[in-house]
Each structure stands twice: as structure tokens, then as C-alpha cells.
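All chains are named by letter (A, B, ...) in the order of the sequence lines, taking the proteins before the strands, and each is independently numbered beginning at 1. Please read all numbers here as calculations on a predicted model, not as lab measurements.
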Amino acid sequence: MIGKGAEANIYLSGERVIKNRISKAYRVRELDEALRKTRTKREARLISLARRAGVATPFILDVNNPDTTVEMSFVEGLQIKKMLNKASKKDRLRICREIGRSTGRLHSNNIIHGDLTTSNTILAGDKIYFIDFGLGEVSEAVEDKGVDLLVFKKSLRSTHYKFEKECFKAFVEGYSREYKAYRDILERLRIIELRGRYFTERF
Amino acid sequence: MERNLICLGIEGTAEKLGAGIVSSSGKILANVVKYHSLVGGIHPREAAQHHAENMKATLEQALQNASIGLGDIDIVAFSQGPGLGPCLRVAAVSARTISLAKKIPIIGVNHCIAHIEIGRLLTKAKDPLTLYVSGGNTQVTAYTEGRYRVFGETLDIAIGNCIDQFAREMKLGSPGGAIVEKLARSGSYFELPYVVKGMDLSFSGLLTAAIEAAKKQKIEDVCYSLQETAFSMLVEVTERALAHAEKKEVMLAGGVAVNRRLQEMIALMAREHNAKFLVPPKNVLGDNGAMIAWLGILMYDSGVRHKIEDTMVKQRFRTDEVEVKWR
């Protein structure tokens with residue numbers, strides 16, 4: 001086992017990563033099974049779609065849904081979460097711009113990531129890989145794309161607070177380059193934030 | 001610490017009015033809570049009226065329980081936000097009055113952080129990831145480098161609000177949360193909308209679907225499924241935040257934390273991650289003045305000083321706005 005995420009155990013076997021969505025004792029059986037199966041299926045499907053859209057992701061090698069297991073190629077690299085605060089300003093902005101570009105590509109293909117954070121993006125060589133599509137979906141809705149951006153913005157705020165503003169600005173630069181409808185999504189992001197319970201103009 | 005300071009804390013963010021008295025050694029000398037009885041939800045102005053009418057008696061009761069006089073109070077703290085404007089202003093005006101009349105320092109505190117700090121005091125948690133769930137708030141927070149960071153929160157209504165509104169629509173009586181919990185014990189599961197966005201969640205669609213489902217399904221089954229769905233969402237985002245923030249303790253806080261099923265679920269999740277599960281005593285889970293007083297002491301001792309002009313209420317006071325100097 002190489003990792004224990006919130007919802008899955010991750011094993012490495014040669015060059016293959018085996019991601020097993022394990023049963024959760026706290027959930028009722030029906031809900032537990034439904035969530036694990038849907039997410040396993042979605043993850044495999046969305047990773048393939050994302051690759052086709054030109055976003056770096058692992059290769060899907062096998063899906064075994066009765067066991068809620070996905071096998072994919074191993075991406076050797078570092079989670080953005082672990083390096084962003086230590087990176088030089090130039091690298092930091094370049095990485096965020098690149099995450100923005102890839103997100104723009106996803107959104108122009110109506111692919112919603114669902115959990116876009118610096119934990120789910122990996123720097124390998126000079127590429128940024130996107131992983132963990134289990135909460136994602138295919139959707140044209142401006143709202144869903146706006147929430148994707150909000151989730152990313154909040155991961156900057158909670159984990160890279162010193163750089164939130166500059167990083168998000170760089171993200172938007174990359175995003176707007178790849179996605180024509182970016183203005184609508186940014187406008188919706190603002191509306192979603194205003195709807196939130198704790199939004200203050202300061203942020 | 002030079003001497004044992006005594007702080008009076010006034011809580012008034014929503015329907016509860018609280019007056020608590022705590023010493024700087026962490027002893028709770030009094031903790032009086034009065035409720036504005038709810039018919040059809042909280043009406044901010046009526047709740048504020050209730051607080052204004054009951055303020056004097058509540059403060060006197062707290063002083064009497066602590067066997068001290070107003071002259072023995074060294075600091076006065078109040079809930080500055082987040083909360084309902086009219087209610088917040090009653091607490092603020094009372095605190096300012098006491099501060100000016102008795103010439104003692106005033107401290108405006110963040111209500112959400114007060115829940116976390118009273119929990120840490122009483123459970124002895126060192127550095128917990130906290131799931132704070134109440135009628136008005138739903139947040140997953142953890143401390144990193146000088147602030148309580150918000151990892152997850154509701155995108156629309158709070159979990160307590162969701163359950164209370166459901167109970168009101170179904171005319172189940174009050175307190176809604178306890179009645180739903182009891183009915184759920186003999187229910188069985190059917191599917192309801194499950195909405196998690198990264199570490200954030202949304203309850204408004206779930207509420208609408210539960211009200212709709214109640215037209216056809218047994219009320220026990222709806223209560224059970226509502227709880228199971230909502231709580232699974234909460235536990236999932238807490239679990240994700242735990243993995244993300246890499247903490248070793250999980251603490252529950254807020255009024256909804258009294259729910260036994262939620263406690264059980266969080267405990268199961270924590271065990272799986274080898275994290276310690278902690279829940280503060282029931283009398284400080286709901287909104288109360290003692291938590292406001294205790295945070296007032298922590299802030300004062302760390303050098304925070306507020307002038308009267310710093311004590312404007314903040315209805316949307318964010319947890320991560322406050323610089324934490326006491327840790």
C-alpha cells in the first residue's frame with residue numbers, strides 16, 4: 001500500500017496503481033455501495049475523457065466495479081500541495097497558470113472535476129497531472145463549472161493562503177486562455193460566493 | 001499569568017441568549033442560557049427583542065450562580081459574529097455598556113472559534129480537526145500557521161437549519177433535531193440527493209427532496225434517510241479534510257453534535273484513520289456564554305485589545321479572518 005486517501009486505499013504493483021474504494025463502516029450499506037460504484041465508474045470514464053481533451057492524467061488499465069477498483073498507470077511526481085508553498089514565485093505562477101489551462105480544457109469539454117484541489121494535481125516532469133475524478137461529472141451547467149473553480153480557490157485559501165490571490169489570478173489567466181466562456185463562469189463563481197454564509201467582501 | 005482574571009461572556013448570535021463567567025484558569029463559574037421559543041423559525045427582530053428583555057435577568061442569574069458581583073468582572077466578551085444582525089447588536093450594546101460603566105476591557109469574539117476553543121479546553125484536544133455543526137453553521141476547520149482555516153463548509157444552508165426546517169414542515173414539534181433523531185431510530189433507508197463538492201456541501205436540495213418524499217413515504221423512513229444522507233455527507237467531507245490537513249484528532253462541536261448517530265459515525269471514521277475522537281460535554285455544545293468568555297480570556301491574555309470602535313458586529317464574520325495569537 002502506498003497511500004490511504006479519504007475514500008480509497010492505493011496500492012502499487014509494478015507500474016500499476018490499484019485504487020480500491022473501500023467500504024465505510026459509518027455509512028448504511030445501500031448508500032455505501034451506491035457511492036463507491038458510481039464513483040469508480042465515473043472516475044474511469046472521466047479520466048479517459050479528460051485525456052482525450054488534452055489534459056495529462058494516468059492511463060486507465062482496468063475497472064473492476066464489483067470490487068470498486070480502478071487500475072491505472074503510475075504517475076511518479078509530487079502533489080502540488082506539497083511543493084507550491086516552497087516553489088519560487090515564477091514556478092508557483094507557472095504551475096497555477098497550467099492548472100488553469102487544463103481546467104479550461106476540461107470545462108470546454110463539459111468535464112467537471114468535482115474535487116479540484118492541490119492534493120489532486122501532481123507535478124511530474126514539467127507536466128501537471130489531474131487525478132481523483134470520482135466526484136466529477138459531465139455537465140454543461142455554468143453552476144457546476146463555477147463550483148469547480150470555487151473548490152480550487154478554497155484549496156488555495158486553506159492550504160496556500162499566503163499566495164491565494166496571486167495563484168488564483170494566474171489560474172484564471174490560464175483558464176481564460178483555454179475556455180472561451182470563462183467570463184460567464186467567473187461571474188457565476190462570484191454569485192456562488194455571495195450566496196455562501198460567510199462571504200465577506202474582503203475575500 | 002499574573003492573577004486569575006474573570007471574564008463575563010455574552011452570547012447572542014441567534015435564538016439563544018447566554019451569559020457565562022469563566023476564570024483564566026479555565027474554570028466555568030456560571031453558564032446561563034435562555035431560549036427564545038421558536039414558532040415557525042427564528043424571526044431576527046423578535047429574537048433580539050427577547051434578548052433585550054431577558055438580558056438583565058440572565059446576567060444577574062450568571063453573577064448569582066458564580067457568587068460574584070459585577071464589580072468582580074475583569075473583562076467583558078461578546079459574540080461579534082457571525083449571526084443575525086439584530087441579535088448580535090443586543091449582545092454588543094450590553095457588552096459595551098458594561099465595559100464603559102465598569103471601565104473594564106471589552107473583547108469581541110468570533111462565535112465559531114469560541115465553539116472550538118471551549119471544546120479544546122474541556123476535551124483537552126491539542127490540535128483537532130473540528131466539525132462544527134449547528135442551526136446556523138456547518139464548517140470543517142483546522143489550525144495551521146496562525147489561523148483556523150476553513151477546509152469545508154456549507155454552500156447554502158446549515159445542517160441544523162435543514163433538519164429544523166424539515167421538522168417544522170412536517171409539524172413534528174420542537175426541538176426538531178431531537179424528534180427527527182428519535183423517529184429515525186425505527187426507520188429504514190431510501191435514496192435522497194447526496195451533494196458533496198470537494199470538501200464543501202449543500203443541503204438545500206436534500207431538504208426539498210425530503211419534504212417531497214414525506215408525501216409518500218413513512219415519516220420514520222424519511223427521518224432516517226435524511227439523517228443518514230446528511231450525516232454521511234458531513235462525515236465524508238470531514239474525512240477528506242482529515243486526510244488533507246493530516247491531523248490526529250477529530251472533534252465535534254455545535255448543537256447538532258448532540259446527535260448520537262452523528263457521534264457514532266464520526267467515531268467510526270476517526271478510528272479508521274487512527275485519529276482520536278472527541279466531543280465536548282452537552283452543556284457547551286449548544287450556543288452559550290461560557291465559550292464566549294473563555295475565548296475572551298484567551299484573546300486578552302495573548303495581548304488583544306479592542307476599542308469601542310472595533311466592536312461593530314460582523315454578521316458574516318469568517319473563521320479565517322481572526323489572527324490566532326493564543327496558540
B:E272/A:K4 salt bridge by N-O under 4.0 Å criterion: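 So A:K4 pairs with B:E272 through a salt bridge.
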
Ionic contact status for B:E246 with A:K82, cut-off 4.0 Å: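 Answer for the salt bridge query: yes.
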
Option among A:L135, A:L116, A:I112, A:D144 that satisfies the side-chain contact (heavy atoms from CB on, under 4.5 Å) test with B:K197: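 Passing option: A:D144.
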
Is it the side chain or the backbone of [X] that comes within 4.5 Å of chain A heavy atoms, both, or neither?
{"X": "B:V235", "result": "both"}
{"X": "B:Y148", "result": "neither"}
{"X": "B:R271", "result": "neither"}
{"X": "B:F231", "result": "neither"}

Steps toward side chain to side chain contact (heavy atoms under 4.5 Å, CB included) verdict (A:L150, B:L155): CA-CA 10 Å; A:L150 179 67; B:L155 292 170; 3.5 Å; yes

Option in A:G114, A:A25, A:S158, A:S119 with maximal non-hydrogen atom pairs under 4.5 Å from chain B: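 Most heavy-atom pairs within the cutoff with chain B belong to A:S158.
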
Most contacts with chain B, counted as non-hydrogen pairs under 4.5 angstrom, among A:R27, A:K162, A:K24: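 Max contact count across the listed options: A:K24.
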
Top contributor to chain A interface from B:E236, B:E191, B:M199, B:K314 [non-hydrogen pairs under 4.5 Å]: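 Most heavy-atom pairs within the cutoff with chain A belong to B:E236.
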
Which of B:G81, B:G198, B:S225 touches chain A most, by non-hydrogen pairs under 4.5 Å: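 Counting heavy-atom pairs under 4.5 Å, the top option is B:G198.
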
Within 45° cone and under 6.0 Å: B:R147 NZ/CZ vs A:Y161 ring: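 Pair B:R147/A:Y161 does not count as cation-pi.
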
Any side-chain heavy-atom pair of B:E145 and A:N85 under 4.5 Å: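 No; the side chains remain at least 4.5 Å from each other.
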
Side-chain donor-acceptor contact under 3.5 Å, A:T159 with B:H244: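 Looking only at side-chain atoms, B:H244 and A:T159 do form a donor-acceptor pair, the distance falling under 3.5 Å.
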
